[in-house]
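Here the structure comes first, spelled out in structure tokens, and everything after it is commentary.
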Amino acid sequence: MAGDEAVAGGAECCYYTTDDALSHVGFGRFQALVLAYAGVGWTAEAMEIMLLSFVGPSVKDEWGISAQQEGLITSVVFAGMIIGACLGGVISDSYGRRAGFLFTAVVTGIFGFLSALSPNYICLLTLRFVVGMGLGAGHVLGTWFFEFVPAAKRGTWVVVFHCTWTFGTIFQALIAWAIMPVLGWRWLIALSSSPCFVLLIFYGVTPESPRYLCSRGRTADAKLILERIARVNNMSLPSGILIQQKVSDNGVDVETILPLITSQDSDATDMSISTKSSFTNAFRTLVSRSLIRSTLLLWFVYFAFSFAYSGIVLLTSELSNGERRCAPVGMPLRQQNDVRLYRDVLVTSIAEFPGLILAALLVDRFGRKLSMEGFILLCFAFIAPLAVPLGEGLATTLLFSARACIMGSYAVLYIYGPEIYPTSCRNTGVGVATSVGRIGGMVAPLIAVGLLENCHQKEAVFIFDVVLFLAAVACALFPLETKGCQIQ
């Protein structure tokens, strides 16, 4: 009876969602601090990935391992990332966003540092596999930041967040250039783990996502964080009652309001909701009738983008070398001096910035789907001429342009993926899609190596272009355009 009176009385009140509150307070100092914290985590992940370009050859020389054993150092990291992406998503959706990025910081930082002390090859492989699990959960940081950004500028600011990835690759090349010739690979690994410890130092002051709290019925806690955001931004919250989601412009879902109001202080309800956030139930949501089409398309697009990105990096190292004579992929880089290696990593990483800038300018103006389609078709066009032998300058220009486009499309994908899923299973959905994408990143080198070693450049380029074209078609088939929309 009392609950009915509360709802009846509330029918005359104003209601607002977390999206309404964030749009009202705007993007300000609070979000800038969240961006800085999440950006450190994303920088750390980029550094650990780029680390693989420098450590393998040095370990091979020091321990006398074979080329296959050297390649396995990279493979185990990606294998760990496949597991970690799903695990991080489940932890984040079940126990909170903060628990998710605590997992990635602790696992990546501690085991990354310990791997610098590896006494032998097997120990190094084991520790780098665990590091890969931590890296795989890194997507949680991006989703956490995403959930603090107002809808109108969400696309632009998430692209800005992804600039920290490119900064990480450049920073890793610079410290490798400074450290490797003097101190060796162990010091490089140890120093590369330091950004994760920065995350741990400031973990205590990081806020939980108000969207996550609201989805768990903890609207009082969510409102406290929203009030904190408004205070730091020198703004105020809308008047009225915070609810999880509106069903229309003319009213609210009363069945949603009542559980939110009555469950805030109910431990039993929180336990029930937590149980429903298990991986099994979250996965059922991902493949439910309303989401199955989006989920399957998203899996393919993640696979295709990761496949294309890895392939373009390999093609850059192979085809931009004017002295290429159908040598095994990676041989030109191995035969170059260290300065050439570091310089190439720097230049190819800088090529990503134009794509990120274009993505930031286009994503909130033309929408997510059209932006991804445009970038992918441009990438398709830049790669196609590489099917025939070209001069080093032209090949390098085409590859760098393709690198910019694939990075721009990736940045938009990292906006669109979280937007199509409800808060209760958002990180699980993104985590599973990211795991599928990692498979694409592992498959691409196998295809590129096999074809380019046997001088089948035309066939290699054809396969990458087919995947890109199918990715563009998949983007066009997505059922939703989420530009400017409130997320669920």
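The basis for the numbers below is simple: all heavy atoms, side chains too, and nothing from hydrogens, waters or symmetry mates.
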pair Ile383-Leu399: side-chain heavy atoms closer than 4.5 Å:
no
Counting only N and O atoms by type, is there a donor-acceptor contact under 3.5 Å from the side chain of Tyr302 to the main-chain atoms of Ala433?
no
If you round to the nearest 0.5 Å, how far is CD1 of Ile463 from CG of Leu468?
12.0 Å
What is the distance from atom CZ of Phe469 to atom CZ of Phe380, rounded to the nearest 0.5 Å?
7.0 Å
How far apart are the closest heavy atoms of Gln172 and Met47, and which atoms are they?
NE2-O, 2.6 Å
How far apart are the C-alpha atoms of Leu35 and Phe148, what are their side-chain angles, what is the distance that settles it, and do they pass the side chain to side chain contact (heavy atoms under 4.5 Å, CB included) test?
CA-CA 9 Å; Leu35 171 61; Phe148 283 96; over 6 Å; no
Is Leu298 close to Thr295 at the side-chain level, that is, under 4.5 Å between some pair of heavy atoms?
no
Please round to the nearest 0.5 Å and tell me the distance separating atom CZ of Arg368 and atom CG of Leu413.
12.0 Å
Do side-chain atoms of His139 reach the backbone of Ala85 as a donor and acceptor pair under 3.5 angstrom?
yes
Working to the nearest 0.5 angstrom, can you tell me the gap between Ser294 OG and Tyr416 OH?
5.0 Å
Check whether the ring centres of Phe161 and Trp157 lie less than 6.0 Å apart, and answer yes or no.
no
Would you say the ring centroid of Tyr414 lies under 6.0 angstrom from that of Trp42?
yes
Step-by-step side chain to side chain contact (heavy atoms under 4.5 Å, CB included) determination, Phe103 to Leu87
CA-CA 9 Å; Phe103 170 81; Leu87 185 58; 3.6 Å; yes
Backbone N/O of Ser94 and side chain of Tyr212: donor-acceptor pair under 3.5 Å
yes
Euclidean distance, Met81 CE relative to Thr434 OG1, rounded to 0.5 Å:
8.5 Å
Would one find more than 12 heavy atoms of other residues, nucleotides or ligands at under 6.0 Å from atom CZ of Phe353?
yes
Nearest atoms (heavy-atom pairs only) where Val34 meets Phe145
CG1-CD1, 3.8 Å
Looking only at heavy atoms, what is the nearest atom pair of Cys196 and Ala105, with distance?
CB-O, 3.7 Å
Test salt bridge (Lys or Arg N to Asp or Glu O under 4.0 Å) on Arg403 and Glu352 and set out the steps.
CA-CA 6 Å; Arg403 179 82 173 260; Glu352 295 180 357; 2.9 Å; yes
Mind checking whether Thr143 and Val140 have side chains closer than 4.5 Å, heavy atoms only?
no
Can you give me the closest heavy-atom contact between Phe30 and Asn233, atom names plus distance?
N-OD1, 3.0 Å
Please report the shortest heavy-atom distance between Arg97 and Glu208, naming the atom on each side.
N-OE2, 3.0 Å
I need the minimum non-hydrogen distance between Arg293 and Leu477, along with the two atoms involved.
NH2-O, 2.6 Å
Under the criterion side chain to side chain contact (heavy atoms under 4.5 Å, CB included), I'd like the reasoning laid out for Tyr309 against Met407: C-alpha separation, chi angles, the key distance, then a yes or no.
CA-CA 8 Å; Tyr309 182 88; Met407 192 61 186; 4.1 Å; yes
Ring centers of Tyr37, Trp144 separated by less than 6.0 Å
yes
What do you reckon, is OH of Tyr203 surrounded by more than 12 foreign heavy atoms closer than 6.0 Å?
yes
Is it true that Arg98 and Thr206 share a donor-acceptor pair across their side chains at a distance under 3.5 Å?
yes
Identify every side-chain donor-acceptor pair in residues 128-136 under 3.5 Å, counting partners at least two apart or on other chains, and give the distances.
residue : atom : partner : partner atom : Å
Arg128  : NH1  : Ser115  : OG           : 3.0
Arg128  : NH2  : Glu48   : OE1          : 2.8

Hey, does the side chain of Ser92 reach the backbone of Gly88 with a donor-acceptor pair shorter than 3.5 angstrom?
no
With rounding to the nearest 0.5 angstrom, report the CZ to CG distance, Phe300 to Leu470.
4.5 Å
Evaluate Val436 against Ile82 for side chain to side chain contact (heavy atoms under 4.5 Å, CB included), listing each step before the verdict.
CA-CA 7 Å; Val436 175; Ile82 292 174; over 6 Å; no
May I ask you to decide if the ring planes of Phe464 and Phe307 are parallel, tilted or perpendicular, using 30° and 60° as cut-offs?
tilted
